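Here the structure is laid out as structure tokens; the discussion comes afterwards.
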Amino acid sequence: MNEQLALLAGRLLAHLELTLVALLVGTGVSVPLGVLISRTRRLAQPVLAVAGVIQTVPSLALLAFMVPALAAIGAPSIGTLPALIGLVLYSVFPVLQNTVVGLSSVDPALIEAAEGVGMTPGQRLRRVELPLAMPVIVAGIRTATVWTVGTATLSTPIGAESLGNYIFSGLQTRNTTDVLVGCVAAAALALVLDGTVRALEIGLRRRRRGLVAAAIGALALLYAIAAVGFARGALGGGARRIAVGSKTFTEQYILGRVLAGKIERDTGLPTEAVESLGSMVAFDALRTGQIDVYVDYSGTLWVAVMKRSDAPADRAEVLRGVKEHLLEEHGIVVAAALGFENTYALAMRREHAERLGARTLSDLVPAARSMSIGADYEFFQRAEWKTVEQRYGIAFAKQRSMDPSLMYEAVRAGEVDVISAFSTDGRIVSFDLRVLEDDRRAIPPYDAVVLASARLAREHPEAIEALRGLEGKIDAERMRELNVAVDEQGKSPAEVAEALLRGL
Amino acid sequence: MIELDKLTKRYAGTIAVDGVSLRVEEGELLVLLGGSGSGKTTTLKMVNRLIEPTSGAIRIGGKDITGEPPHALRRRIGYVFQRLGLFPHLTVAENIGVTPSLLGWDAARIRARVDALLELCELDPAAVRDRRPEELSGGQQQRVGVARALAAEPRVMLLDEPFGALDPLTRDRLQQSFLAIRRRLGLTAIFVTHDLVEALLLGDRIAVMQGGRLAQVGTPRELMTAPADEYVAQLVGTPKRQAAVIDSLLREGERRP
């Protein structure tokens, strides 16, 4: 808990930076664009329609879409840049719309008066129309502010630190306190920013120059704080830290800490954690050198990166194939196989399985027609599932996608009959689930492997050497224990990793 | 001197102003008098190019007004708006000083000019200078409107029913103030109104408009004594009749003990 709170200042600052920069850029784009389309009526409807459509894209999807979009043009595709672009796009609509509405609601008599006293069109805009529209425009900025603070929590899965780090890791490791800290901090930040912009709006509406000055002063102070944080980050970047990635589940948070701890112990090189990355985001980030090291699984790489649909039964063969492919195609080094598999494993309540007499997937086929299956968001789209369907000819009455942290509860409560469990998850034991044997070998082996970027191998061979020391050090039972310690016993991933490293 | 030469404004299907030719002499106040739809306001707005004519020409001091950008022309011409048009986000002083500031006068000169104009328009500079227009009464606001039109020392003034929305007493006071100011400054002015009495009180000459055309142009006396047509006769007949009624009331009063 204290360890997590120590991160609060940094995450709050990172969140503030994202929000304020996105709002500044968003407003800087929207107000001039609003002025432009107010002048050329024909543009107004199409431009507002496009901005409105962007607004209706779910915010998580909009942010996630930035990753492949930026990667396609060769720009840094994870971290602050995609988060900022997504947030800017999201903030455009309310400001744009209010600029158009604000300008069009200026009394025509005042516009004629502005012309009559001898203003040029530009002077009329600056001296009369914009000041009169300003309260409405600021109201739009206020809406955008609250949305941006909330949406910025979704920057975490694309690699930008924010208050969302508490929420994402807290949800995965079932740490309610963390989730609350993230939510409360984000809400507090939203209230502070909203209050400041609201003061500005009221000051402008009632023409109280003192209030306007105070609100602008407060905003300037917030921007100064964010700028200091930004500058410190930029300067601190001089001594580059080794970026250790992790995906969005408990095992990955623990292993991220293990990798970081091992490197720091053996080489003294500083590391930083880039947590809660989406599954494919993590690989792309490593490939493009935006993170230096993380743990992935041989089967995932076999299917998703190498696009292989055949599944050789032999663990060693898959491992060898993956190693060669990654090194040749991407210069990525497989530094170690940790010694355990975390495979997709179809699991159900032991009592239920016994009633059906099901030990293997083949046993389940006849009963499946009247059963439901729950799985994480990607499972039903993955090649492994298609292979399972084909090889067993299995079909369930109902398929439900859900958050991986919820599906275990769902099968225990009987909400679904079968789930796509992860074989190292502690809940298989503690919830008394039975893993059905993949007797036709449809699912490839999933050895946990430590991947290191080409740059890390080039610049810090000693770090690769340290990571090689993890070869075969964690077996499946050990990994399950570590997961239980976090998920069930309320320990932090850092504590668990620390204890493991001490024992090595 | 302002010359209107066969000035015409057509809108899709209708003619708002139809071949109006007029001459306003240096230092003269010409009233454009007419009902709604007579074309008087359209004519006025063409003089400072708030509306562009379909055909015809306007010359001020012998020069065609299309020879310079509209905003430059307007800075040389004072304009008082029917619906005030004071900027609500600016103070009284900022409203009055707007044209001088567009012309690049320095702050001290603007401030001195604003105070002088407030006094000229019978407002207390210290009391109203830093107020917002909405804090003033209707009469005070219209005085500010006149002061603003005078701010950049124009030689020509255009006034579009400036006192129309005021109560009779306030209107009377403002008319008197305006008369005094105009005489002092020797302004050439066009004044639009639909009120014959106002036209008679203020105008050196009156141009009566009807349906976009000029019905008659003449001094108040000429209009009253020799109306050119039936419309003008009806127009001037009404106040004559009212004056006769008031006159007879007064005389009856004298006869009673």
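So you know, we letter chains A, B, ... as the sequences are listed, proteins then strands, and number each from 1. Keep in mind that this is a model prediction, so the values were computed, not measured.
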Using side-chain hydrogen bond (donor to acceptor under 3.5 Å, both in side chains) as the criterion, point out the one residue from B:Glu161, B:Lys40, B:Glu198 that pairs with B:Thr193.
-> B:Glu198
Do NZ/NE/NH1/NH2 and the carboxylate oxygens of B:Asp124 and B:Arg129 come within less than 4.0 Å?
-> no
Which answer fits [X], side chain, backbone, both or neither, if we ask what part of it has an atom under 4.5 Å from a heavy atom of chain A?
X	result
B:Arg76	neither
B:Arg49	neither
B:Pro70	neither
B:Leu103	neither

Distance-only, no hydrogens or angles: does the B:Arg182 side chain make a donor-acceptor pair with backbone N or O of B:Gly27 under 3.5 Å?
-> yes
Less than 4.5 Å apart, any side-chain heavy atom of A:Glu115 and any of B:Leu50?
-> yes
Taking side chain as C-beta onward, heavy atoms only, is B:Phe163 less than 4.5 Å from B:Leu166?
-> yes
Tell me, side chain or backbone of [X] under 4.5 Å from chain B's heavy atoms, or both, or neither?
X	value
A:Arg124	neither
A:Leu132	side chain
A:Glu112	both
A:Arg206	neither

A:Leu96 and its side-chain contact (heavy atoms from CB on, under 4.5 Å) partner, picked from A:Val31, A:Val101, A:Val47, A:Val29 | A:Val47
Could you have a look at A:Pro121, A:Ala109, A:Pro131, A:Gly116 and say which one has the most heavy-atom pairs with chain B under 4.5 angstrom?
-> A:Gly116
When heavy-atom pairs shorter than 4.5 Å are enumerated against chain A, which of B:Arg74, B:Arg132, B:Lys45 gives the highest number?
-> B:Arg74
Might you work through the salt bridge (Lys or Arg N to Asp or Glu O under 4.0 Å) test for A:Glu129 and A:Arg39, ending with a clear yes or no?
-> CA-CA 12 Å; A:Glu129 292 177 276; A:Arg39 291 290 169 275; 2.9 Å; yes
